[in-house]
Amino acid sequence: MIDNEEEMHKFWSDDQKRHAHVVYNKEFKMYLVRMFEDNKLVKSVPMISEPVIHNERFAEDAAENWCLGYIE
């Protein structure tokens, strides 16, 4: 974990193959979702759609969608 980041939530798939971490970056004042498969980081997605910086709930939904297999 980077010093300027705070891990907020963790989500897992039912089979435990996928998991995701919702992280808040204090420097950029935005959420990231780190998506893992088989304990390997697949991608880290900033929760921003220019010009909107999305909120914590949006990040939680993205993390859950990763774990449910809706995001590839």
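If you're wondering where the values come from, they're calculated on a predicted model, not measured in any experiment. When a residue number appears, it is its place in the shown sequence, counting from 1.
Put simply, Ile48 and Phe28 are part of the same group of oily side chains (I, L, V, M, F, W, Y) that touch within less than 4.5 Å, one to the next.
At a threshold of 4.5 Å between non-hydrogen side-chain atoms, the residues Trp66 and Val42 count as touching. A 4.5 Å side-chain heavy-atom check between His19 and Lys10 finds every atom pair outside the cut-off. You'll find the side chain of Ile53 stays beyond 4.5 Å of the side chain of Met47, heavy atoms only. Side-chain contact check for Arg18 versus Phe11: every heavy-atom pair is 4.5 Å or farther apart. Side-chain contact between Glu56 and His9: present, with at least one pair of heavy atoms (C-beta onward) separated by less than 4.5 Å.
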Chi angles and distances behind the side-chain contact (heavy atoms from CB on, under 4.5 Å) call for Asp38, Lys17: CA-CA 5 Å; Asp38 296 321; Lys17 290 188 69 138; 3.4 Å; yes
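The line from CZ of Arg34 to CD of Glu5 is 4.5 Å long, rounded to the nearest 0.5 Å. Taking NZ of Lys29 as the start and OH of Tyr24 as the end, the distance is 7.0 Å to the nearest 0.5 Å. Within the model, atoms CG of Asn55 and CD of Glu60 stand 8.5 Å from one another, a figure rounded to the nearest 0.5 Å. To the nearest 0.5 Å, the span separating CH2 on Trp12 from CD on Glu64 amounts to 13.0 Å. To the nearest 0.5 Å, the span separating SG on Cys67 from CD on Gln16 amounts to 9.0 Å.
Around atom CG of Asn39, no more than 12 heavy atoms belonging to other residues, nucleotides or ligands sit under 6.0 Å away. More than 12 heavy atoms of other residues, nucleotides or ligands lie within 6.0 Å of NZ in Lys43, so this atom counts as buried by the packing criterion. Enclosure of atom CG in Asp14 is not indicated, since only 12 or fewer non-hydrogen atoms of other residues, nucleotides or ligands lie within 6.0 angstrom. The number of heavy atoms from other shown groups lying within 6.0 Å of CZ (Phe58) does not exceed 12.
Across every non-hydrogen atom of Val33 and Ala62, the tightest pair is CG2-CB, 4.2 Å. Of all non-hydrogen atoms in Tyr31 and His54, the two that sit nearest each other are CD1-O, 3.8 Å. The two residues Pro46 and Leu32 have their closest heavy-atom pair at CA-CD2, 3.5 Å.
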